[in-house]
Number of protein chains: 2
Amino acid sequence: MNDLTERQKFILTLVIHEYIRTATPVGSQHLVARYNLDMSSATVRNELAVLTERGYLRQPHTSAGRVPTEEGYRYFVSRLIQATELPDSTRRMISHQFYQMRHDVEQWMRLAASVLAHQSRAASLVTAPHPEKARLKHLELIATRGRQVLMVLVMVGGEIHQRILILNEPVGQDQLSQAAHRITTLYYGKDAEQIRALRSLVEGLEADVLEWVLEEMEQVDSVVAGEIYLDGLTNVLSEPEFTTSDEARRALKLLEEPTLLQDLLARTVLAHAPGGVQVLIGGEGTWEELRQCSMVLGSYGAPGLVVGTLGILGPMRMSYGRAISIVRFMSSLLSDLVSETLMDDSAIKSDGEVNHEEG
Amino acid sequence: MNDLTERQKFILTLVIHEYIRTATPVGSQHLVARYNLDMSSATVRNELAVLTERGYLRQPHTSAGRVPTEEGYRYFVSRLIQATELPDSTRRMISHQFYQMRHDVEQWMRLAASVLAHQSRAASLVTAPHPEKARLKHLELIATRGRQVLMVLVMVGGEIHQRILILNEPVGQDQLSQAAHRITTLYYGKDAEQIRALRSLVEGLEADVLEWVLEEMEQVDSVVAGEIYLDGLTNVLSEPEFTTSDEARRALKLLEEPTLLQDLLARTVLAHAPGGVQVLIGGEGTWEELRQCSMVLGSYGAPGLVVGTLGILGPMRMSYGRAISIVRFMSSLLSDLVSETLMDDSAIKSDGEVNHEEG
DNA sequence: AATTAGCACTCTCACCGCGAGAGTGCTAAA
DNA sequence: TTTAGCACTCTCGCGGTGAGAGTGCTAATT
């Protein structure tokens, strides 16, 4: 398969740019006029014919301009796109906003989703940082009433899980605190598997509680991603390809369905190296709901500790350069933020053999 | 203003029912045919004319059937609607689902949103239970690295807030635990105002921490509602009145904008008695974004302790009977659930004069 | 050999007119 | 008070039509 000539690549780029701009099929004369090309429309037409032949463009009907195909977008994204870096001022402004609200992970997630949606003018999604393997950091038991106890579980990485336990018999707060404290010191930094192996270290009340802890931690492990934050859903509705709201529905449905979305994220983003940016164009044959859409996905996190994913979803006709640069930027920004916040925890080896600085 | 005759009410009801069913203007002949009325279309026509005169109906153009006006819906909802109770089997099935996942508030919220959306075939929203006035239940401080400390704040009602503090100098875990313990015992059950009045009880590290606690609690108080759970957004997109996605965008935008939504909830639901169900039709002149929509809103909670709101948003042409019954049912179900879970806390008077059962 | 001008051809889309159909209001009779 | 009858109005779907945009092909040009 011969590669395209430079001029063909150039023209393909122009067509894609123009189509992204106008959302209407682009013709040869239009192209030479708008970009002051020093060739005639006939020449362009010939090249367009080649590109159509190769499957990078298509015509909606015999006598219309050309529209990029999925293949066309893919070729463009993988080989022709040039990085459109975010202006420094924008980067600084965004960073500033994040450092304003220091250390509030939930706020960060919302802000990240908001920034992504705003900058890309598309729908955005961000998942909260999630431990690759949950490891215990701190356990707290709070007596409520009678046999009811509020269990608060802090994972290495800062994720908090809560749950209400019903004990067999009422237990005082002091006894609960003591049990929690013992479990914390005994199992600090260990994952569910390791705890299970060492569970004979405790008995009685503590053993009962430990079962709940294990159950919760295993549940955390079974989920591939943290809570999902969405924003800018309405952006995508304003795109002309979604005037027939039926197509829009299918795409939004995907975002509403946490399991589907997590599946998608797990398969694409988490499977790849962190830091990189994946571009899914037209569902890639796998995701029927996204036939009309593209996603630009990335991941962030503190290596070996927590990971999260983030990305934007928009029409296939989206400004990929901009999208990729904003996703990449947010990805590194969030990585910095969570790494910075959790730097201490990265010292905890997964074998749990690090001393808890305990008095 | 004379009231309507029985027959006029009857016909208005029929028109509304039929319009909800078909989404097309309904004419006199159609009405007599479909409902086997024992009067002629001419008679119906006369009554329709009266109802139009009164402002309960309107015709899209001179020679079309009638469509209910906002006023028409309001009259219907406030005076004509008859309770369509949920079938017992459905109620039991829903309850069962909730009791399956005992004591996981977050799951309840998601399930509630899902059930509301599913049963009403519209968009739903549920806010997490939120204390009317935050009162301290438990404080935990967890050393992370150097001067960094994870603060976990449990409010009466079970709401958990976390935050990372940066102390002036490193402090060991034991000292932190002790400080947290002292603050918990001293200020258990008190609200921000009361704590502020008594803040001279502590000094040094504890005083510093208490400032953070107060800040966080005051922030909680300043927010009118908990986190918002949405579901079924795509349902509303499939309604025929939203094929022109512009109108749909405006409505969904409202749901995406937490501040606007909280404002709306605060003004309508929280201002009224709990348990009741409010119906907002066509934005009621205040909410421009909802011109085409209606909302059925309710609240739930444990009296004096926590409240949350829930509701559904759909086209004005929605099945109000069904909507109201499902909202009412979910409202009481959630009230039961949270009351049951938090029963202990209701013993805590707002003056904080209840002993913490401490060893 | 590559490019370009010229041209015939194709297809969409916006516009128009028209007739069917649904629904109305009015009047007069029951 | 209700109803049958009727003339009237307005929408909506239909086919036809012409402008316009864009194409592919061919022959001339560089």
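Quick note on labels: first sequence line is chain A, next is B, and so on, each numbered from 1. Hydrogens, waters and symmetry mates play no part in the numbers below; they use all other heavy atoms, side chains included.
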Using whole Å, what does the distance between atom [atom2] of nucleotide [N] and atom [atom1] of [X] come to?
X: His61(A); N: dT23(D); atom1: NE2; atom2: C1'; result: 11 Å
X: Leu57(A); N: dG22(D); atom1: CG; atom2: C1'; result: 14 Å
X: Arg45(B); N: dT27(C); atom1: CZ; atom2: P; result: 14 Å
X: Asp38(A); N: dT30(D); atom1: CG; atom2: C1'; result: 15 Å
X: Leu48(A); N: dT4(C); atom1: CG; atom2: C1'; result: 15 Å
X: Leu51(B); N: dT24(C); atom1: CG; atom2: P; result: 12 Å
X: Asn46(B); N: dT1(D); atom1: CG; atom2: C1'; result: 10 Å
X: Leu37(A); N: dT4(C); atom1: CG; atom2: P; result: 10 Å

Quiz prompt | Donor-acceptor pair between Glu18(B) and Tyr35(B) side chains, under 3.5 angstrom | solution = yes

Quiz item: In chain order, what residues pass the salt bridge (Lys or Arg N to Asp or Glu O under 4.0 Å) check against Glu256(B), with sequence neighbours excluded?
Solution: none

Quiz prompt | Side chain Ser40(B) and base dT3(D) donor-acceptor under 3.5 Å | solution = no

Quiz item: Would you say the base of dT9(D) and the side-chain of Thr62(B) have a donor-acceptor pair closer than 3.5 Å?
Solution: no

Practice problem: Assign Gln29(A) to base, sugar-phosphate, or nothing according to its heavy-atom contacts below 4.0 angstrom with the strands shown. | Solution: base

Exercise. Would you mind classifying the nucleic acid contact of Ser28(B) as base, sugar-phosphate or nothing, using non-hydrogen atoms under 4.0 angstrom?
Key: sugar-phosphate

Self-check item: Atom of Gly55(B), atom of Glu71(B) and distance for their closest heavy-atom approach
Solution: O-CB, 3.5 Å

Quiz item: Can you name the closest pair of heavy atoms from Arg58(A) and Thr52(A) and give their distance?
Solution: CA-CG2, 4.3 Å

Quiz item: Under 4.0 Å between a side-chain N or O of Gln59(B) and OP1 or OP2 of dG25(C)?
Solution: yes

Quiz item: Want to settle it: does Arg7(B) or Ala49(A) sit nearer the 5' end of DNA chain D, counting the closest nucleotide to each?
Solution: Arg7(B)

Practice problem: Return the 5'-most residue of the pair Ala42(A), Ser63(B) with respect to DNA chain D, ranking by each residue's nearest nucleotide. | Solution: Ser63(B)

Quiz item: So do the side chains of Met318(A) and Ile312(A) get within less than 4.5 Å of each other, counting heavy atoms only?
Solution: yes

Exercise. Select from Thr52(B) and Thr43(A) the residue whose nearest nucleotide in DNA chain C is closer to the 5' end of that strand.
Key: Thr43(A)

